[in-house]
Engineer: 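This structure is in structure tokens; I'll ask about it shortly.
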2 protein chains.
Amino acid sequence: MAGLLEKINSPEDLRLLSVEELGELAEEMREFITHSVSQTGGHLASNLGVVELCIAMHYVFDFKTDRLLWDVGHQCYAHKILTGRKEMFAKLRQRDGLSGFPDPEESEYDLFRVGHAGTSIATAIGMALGAQHNQTDEKVVALVGDASIVNGPSFEGLNNLGLIQRQMLIILNDNSMAIDVTQGSIAKFLSKIRLSHTYEDLRRTTNNILEHLPLIGKRMEDALKNFKKTLRMAISPSRLFESLNIPYFGPVDGHDIGSLIDLFKAISELDRPALLHVYTKKGKGFTPANENPRKYHSTGPFDINGDAGGSSKTSRKYTEAFGDALVEFAEKDDRIVAITAAMPDGTGLGKFRDKFGERYYDVGIAESVAVDIAAGLAKQGLKPVVCIYSTFLQRSFDQIFQEVSLQGLGVIFCIDRCGLVGNDGPTHHGMMDIGFLRMMPNLVLVSPADETEVKAALAFALDSGKSVAIRYPKDTVPDDTYDLEACKKPFEMGKSVTVRQNNGDIIIVAFGSILVQAIKAADILAAQGIDVGVINARFAKPIDENLIPLLNEQKTIITIEDHGLSCGFGSALLELAADKALQSSGSGVKNPGKIITLGGPDEYVEVQTRSLQCDQIGIGADGIVETVKKLLSDN
Amino acid sequence: MAGLLEKINSPEDLRLLSVEELGELAEEMREFITHSVSQTGGHLASNLGVVELCIAMHYVFDFKTDRLLWDVGHQCYAHKILTGRKEMFAKLRQRDGLSGFPDPEESEYDLFRVGHAGTSIATAIGMALGAQHNQTDEKVVALVGDASIVNGPSFEGLNNLGLIQRQMLIILNDNSMAIDVTQGSIAKFLSKIRLSHTYEDLRRTTNNILEHLPLIGKRMEDALKNFKKTLRMAISPSRLFESLNIPYFGPVDGHDIGSLIDLFKAISELDRPALLHVYTKKGKGFTPANENPRKYHSTGPFDINGDAGGSSKTSRKYTEAFGDALVEFAEKDDRIVAITAAMPDGTGLGKFRDKFGERYYDVGIAESVAVDIAAGLAKQGLKPVVCIYSTFLQRSFDQIFQEVSLQGLGVIFCIDRCGLVGNDGPTHHGMMDIGFLRMMPNLVLVSPADETEVKAALAFALDSGKSVAIRYPKDTVPDDTYDLEACKKPFEMGKSVTVRQNNGDIIIVAFGSILVQAIKAADILAAQGIDVGVINARFAKPIDENLIPLLNEQKTIITIEDHGLSCGFGSALLELAADKALQSSGSGVKNPGKIITLGGPDEYVEVQTRSLQCDQIGIGADGIVETVKKLLSDN
């Protein structure tokens with residue numbers, strides 16, 4: 001670790017440096033982040049972009065008492081370095097290591113554990129209102145990116161900023177880039193502004209702000225007016241915020257630490273909310289990331305000379321399996337259109353976008369309307385395929401209910417990142433989608449167990465005319481060593497397939513990709529002379545009614561799912577059994593077998609590899625074996 | 001029914017009338033709506049406001065092929081009258097009658113069955129994209145109110161309007177009033193505009209638009225520029241939409257049918273999306289509603305001379321019980337703050353607002369940020385109470401997950417309109433909240449069974465330091481004829497209370513207000529010599545573990561809930577039983593009793609009174625009795 005950075009273990013240390021030294025420190029921190037992420041993997045480009053911002057914020061504010069709210073939060077590395085966590089970067093995003101997102105359990109400098117977009121403005125409003133109520137004078141700062149500020153909740157927050165009668169600073173970190181290129185009119189508007197002026201304009205604007213602000217005090221309106229008059233720009237970005245009655249300052253250079261420090265000092269004196277528009281460069285200082293910020297948004301370990309690690313290429317992912325299948329079907333059926341919310345690559349839509357640009361829609365970070373737009377497309381006779389991660393699809397719960405389920409429309413949901421996601425941790429797990437989707441009438445919920453089934457499930461969905469949700473994990477598909485003959489059968493509504501015939505009393509019923517673990521378990525048990533059956537459920541809704549007779553044969557069913565136990569697949573089977581017990585209670589058996597459910601606990605599963613997370617909650621092969629043996633030992 | 005209206009059975013008939021006659025027709029329709037709603041109850045003020053708008057829309061567009069998207073949709077009465085449904089108004093919002101919202105099953109003129117805000121722009125974008133894809137030339141029109149356009153999804157839609165390369169008209173129906181007064185900066189901005197000009201300005205603007213538009217064709221930019229130049233207004237509302245690059249026209253008079261017709265014709269010629277800003281008067285034509293639109297937003301039957309029906313006053317509601325309890329606690333604890341999303345009266349916050357104005361926040365129709373703001377307030381040591389209907393809280397699912405549950409903060413959710421809601425029907429039922437809330441770690445979910453318990457549950461929540469959700473229905477609290485001694489005990493975490501000791505083999509476990517039906521059922525059965533126990537569950541999460549031993553005594557438990565069976569309270573008990581079966585499988589009983597679950601089906605329950613809806617799904621007293629007898633007959 002180079003000279004200056006070595007001495008920085010807290011924001012206090014930072015304030016001992018001169019502005020010139022802060023510049024050097026920024027360079028050292030960039031090197032540190034690049035080197036560190038090249039070893040561990042992580043979010044790179046966005047973190048390189050906000051180094052000066054973080055330094056200036058911590059130089060001016062004391063976030064032990066002042067409040068810093070992150071949006072999305074994956075750009076918090078510099079902040080973590082400055083708040084005494086640099087040693088932990090060797091274990092970034094690893095078990096018992098450093099979270100890739102803000103985490104209050106890690107540091108008093110982190111307030112909210114976040115990972116979703118559009119939350120910082122509203123939570124900041126809440127904290128500012130709280131300070132108003134408590135009559136305390138801590139400063140409140142929300143840092144939000146240009147990709148997050150177009151998110152619905154961000155706008156709802158901006159629209160309610162009038163609730164605040166005190167200081168609150170919103171820093172708009174404008175790097176003109178979400179995970180993918182930012183979508184929508186606001187993005188176009190901001191980039192038009194970007195092009196409409198030079199670096200010199202930024203300096204002039206900065207001086208202009210610093211010149212006027214100190215005089216403002218209470219007579220802000222006039223001062224703001226003068227300030228605006230003296231702005232010389234083709235298009236005034238303030239227009240966007242004026243109608244929301246938000247005092248706007250900028251744009252300014254987000255890499256000029258000295259000016260940022262002066263600006264923060266001046267603006268934080270205001271007795272009302274204000275927005276500072278800051279330009280930063282995603283990937284700044286590391287050429288490969290600078291040239292290809294999308295590739296280096298979130299990366300595995302990589303060669304520092306520019307090859308963004310192989311890990312994402314080594315083995316075939318469900319994501320790729322889906323992406324290729326969709327392209328194949330889309331070639332034959334031009335009613336197929338695809339919609340995503342700023343995650344084309346993560347959901348495997350890259351090929352589709354390149355091949356069928358006119359049938360591809362990216363609405364930016366706006367999951368809610370992605371679903372509504374799909375509903376409209378379905379109403380017009382098209383076959384919309386909505387591609388959103390499970391955790392972000394939670395933003396569309398109400399739209400899936402009203403605009404899709406209630407209308408009985410045929411919208412297809414291809415849900416990536418279902419279940420445990422590994423290193424991103426709790427903010428990104430998809431442990432609730434089975435529950436919130438299976439509550440909705442008219443919806444079908446399936447999960448493929450291998451690549452063949454990914455394609456079969458999609459074929460089934462496209463032909464069904466119904467709304468079908470297909471869930472799969474951030475994981476690789478099983479390799480050919482698995483004999484999954486049963487999985488080659490086409491999908492039939494509400495029908496499971498038997499992978500291993502059972503002669504014993506225990507049957508494992510797995511939902512989705514976790515089937516592989518059930519098969520491994522069955523193999524281990526078979527080697528020990530214990531015979532268990534294995535069924536691939538395929539459907540969580542409608543769930544296969546033919547599973548019930550097995551209970552009447554007094555067999556024990558063990559359900560396995562990569563989802564929370566509450567409201568999950570096992571729960572669906574329990575409900576079905578209870579229902580049958582009522583219907584057939586006359587004729588029904590008096591002494592049915594039992595249902596044992598394995599899945600996620602009622603707590604958040606911490607950061608580590610996905611496979612370790614699966615072991616931890618007992619849905620790995622060993623956990624299944626253990627459960628089976630426990631059951632046998634009891635009989 | 002008066003002269004002109006009698007002859008109008010379809011939009012075709014409408015087009016036979018002269019513009020003068022259309023004016024008369026509007027008056028007749030207002031009388032018709034006022035008279036009809038005075039008999040049946042329903043939404044009045046908003047419907048009186050859009051009569052001319054609806055007439056003009058149906059006069060210009062042919063919504064058999066053209067597409068009309070409603071936002072919220074409770075203002076669709078005039079539209080229903082004009083599309084051949086006027087005779088059905090006698091059964092408005094009644095069983096087998098006319099829905100109070102758009103309904104495709106009622107008419108080809110209704111596209112989406114809606115009731116939630118902020119959906120029309122995005123669904124319209126979807127339909128316009130579909131038309132683009134299908135290369136058809138139907139016109140697409142979205143009608144959105146000033147209260148809905150500030151909703152996050154509306155904004156996400158506006159931000160994605162650039163996807164549309166063809167005609168699409170957004171009509172902004174500005175009556176400066178949501179259910180309650182519209183909140184937020186946009187609302188302030190719009191009302192400032194409203195005050196900044198006269199009726200004459202509106203006329204000039206109209207002529208100005210009509211003068212410039214026909215010439216536009218493809219060279220729209222310039223024309224729009226000229227058009228804007230000639231606008232003479234203190235504040236230009238266009239500023240709000242310019243930055244979103246949305247061609248804006250208006251404001252114009254929403255009651256001038258002739259002009260509206262000309263404007264629709266002219267603007268619908270545009271080859272791109274445009275927004276027309278229209279002023280209407282909520283409650284126009286019926287003085288009482290005009291003077292008190294809030295009171296007449298949604299009303300029971302009323303005296304046409306101005307007394308807005310007693311139905312809402314006859315008997316004590318859960319809503320009032322909660323509102324009074326909150327005020328009582330707030331007097332003793334000034335850390336209690338309340339937040340709602342444009343439903344202060346519906347959620348019983350009226351008294352709190354009047355008494356503790358500075359601790360009361362209404363964020364407008366923005367459920368998502370209501371929860372995030374609450375999270376920020378909790379982080380500052382306050383006790384935020386979020387008051388949102390169950391169906392609208394679905395908009396906050398992701399915020400409750402990330403900003404509340406994941407942080408382990410203490411936010412209290414007082415959820416009104418849970419379960420079946422009666423005449424509002426499927427868009428407004430709250431049949432999913434138990435499911436989506438109990439999936440979340442760190443959350444507690446309770447439901448009170450009477451007024452005493454409403455207060456006890458709130459006391460428990462305020463003292464718990466945890467996030468507690470309290471659910472109750474749109475219904476009256478049980479009267480004093482019920483001896484609910486057990487319900488007078490304070491709430492203890494995860495503990496149910498026994499209302500009727502059981503000596504028989506069947507125990508009814510009820511969650512929440514439906515307990516009354518369980519007691520009625522027990523009385524009926526007792527009168528027939530059948531002894532059943534009754535337990536008031538109180539908690540769905542954590543659910544009372546002491547219910548399990550009952551099963552080991554081979555008793556049969558019947559769960560009753562005003563919620564869908566999937567993921568509901570019964571499902572939670574089934575999960576607990578399955579979990580215990582695994583844990584105790586050695587020692588555990590081999591032949592446990594069974595759990596029978598009663599609740600909502602996997603389909604939408606149609607419009608009728610709440611009590612009939614409860615009977616329909618078998619959770620009314622008679623249904624419970626029937627189930628008990630069926631079970632007994634089987635043994």
Side-chain angles (χ1 to χ4, degrees), chain A residues 113 116 119 122-123 125-127 130 150 152-153 155-157 159-160 162 184-186 189 239-240 243-245 363 366 368-369 372-373 375-377 380 382 394-395 397-398 402 406 432 435-436 438-439 441 564 566-567 571 574-575 578 581-582 585-586 591 594-597 602-604 634, chain B residues 113 116 119 122-123 125-127 130 150 152-153 155-157 159-160 162 184-186 189 239-240 243-245 363 366 368-369 372-373 375-377 380 382 394-395 397-398 402 406 432 435-436 438-439 441 564 566-567 571 574-575 578 581-582 585-586 591 594-597 602-604 634:
Chain A
R113 189 168 191 177
H116 293 199
T119 69
T123 46
I125 288 175
M127 300 205 77
V150 300
F155 171 78
E156 292 180 349
N159 190 42
N160 279 285
S185 341
I186 299 256
F189 179 73
R239 214 175 50 192
L240 173 61
S243 44
L244 291 164
N245 195 30
V363 298
S368 305
V369 296
D372 280 0
I373 289 173
L377 285 160
Q380 290 282 42
L382 301 181
Q394 292 168 188
R395 284 282 179 88
F397 178 42
D398 190 57
Q402 185 180 270
L406 181 57
M432 299 196 283
F436 78 75
R438 74 182 187 83
M439 280 193 284
S566 13
C567 307
S571 185
L574 290 168
E575 290 168 15
L582 175 60
S585 50
N591 179 10
K594 62 179 145 194
I595 298 169
I596 300 299
T597 59
D602 184 31
E603 59 192 35
Y604 290 102
D634 296 331
Chain B
R113 189 167 191 177
H116 293 199
T119 69
T123 47
I125 289 175
M127 300 205 75
V150 300
F155 170 78
E156 291 179 349
N159 190 41
N160 278 285
S185 337
I186 300 256
F189 179 74
R239 212 175 52 194
L240 172 61
S243 44
L244 291 164
N245 194 30
V363 297
S368 305
V369 297
D372 280 0
I373 290 173
L377 285 159
Q380 290 281 45
L382 301 180
Q394 292 168 185
R395 282 283 178 88
F397 178 43
D398 190 56
Q402 186 180 269
L406 181 58
M432 299 195 283
F436 78 74
R438 75 183 186 81
M439 280 192 284
S566 17
C567 307
S571 184
L574 290 167
E575 289 168 17
L582 175 59
S585 49
N591 180 10
K594 59 180 148 192
I595 298 169
I596 300 299
T597 60
D602 184 31
E603 59 192 35
Y604 290 101
D634 295 332

Engineer: Assign the ring pair B:F155 / A:F155 to parallel, tilted or perpendicular, where the plane angle (0 to 90°) is split at 30° and 60°.
Structural biologist: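 Correct class here is parallel.
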Engineer: Find out whether B:T123 and A:I373 are in side-chain contact, i.e. whether some heavy atom of one side chain is under 4.5 Å from a heavy atom of the other.
Structural biologist: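 In short, these two side chains do not touch, never coming nearer than 4.5 Å.
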Engineer: At a heavy-atom separation under 4.5 Å, does B:I595 approach chain A through its side chain, its backbone, both, or neither?
Structural biologist: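 Just the backbone, heavy atoms under 4.5 Å.
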Engineer: Mind checking whether B:E156 and A:V363 have side chains closer than 4.5 Å, heavy atoms only?
Structural biologist: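 Of all side-chain heavy-atom pairs linking A:V363 with B:E156, none is under 4.5 Å.
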Engineer: Quick one: side chain to side chain contact (heavy atoms under 4.5 Å, CB included) partners of A:A375, sequence neighbours excluded?
Structural biologist: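 For A:A375, the residues satisfying side chain to side chain contact (heavy atoms under 4.5 Å, CB included) (neighbours in sequence not counted) are A:E403, A:V404, A:L409, B:F112.
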Engineer: Heavy-atom pairs under 4.5 Å with chain B: which of A:A366, A:G564, A:S368 has the most?
Structural biologist: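 Heavy-atom pairs under 4.5 Å are most numerous for A:A366.
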Engineer: Which one, B:G130, B:C567, B:G152, leads in non-hydrogen pairs under 4.5 Å with chain A?
Structural biologist: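 Maximum pair count with chain A is reached by B:C567.
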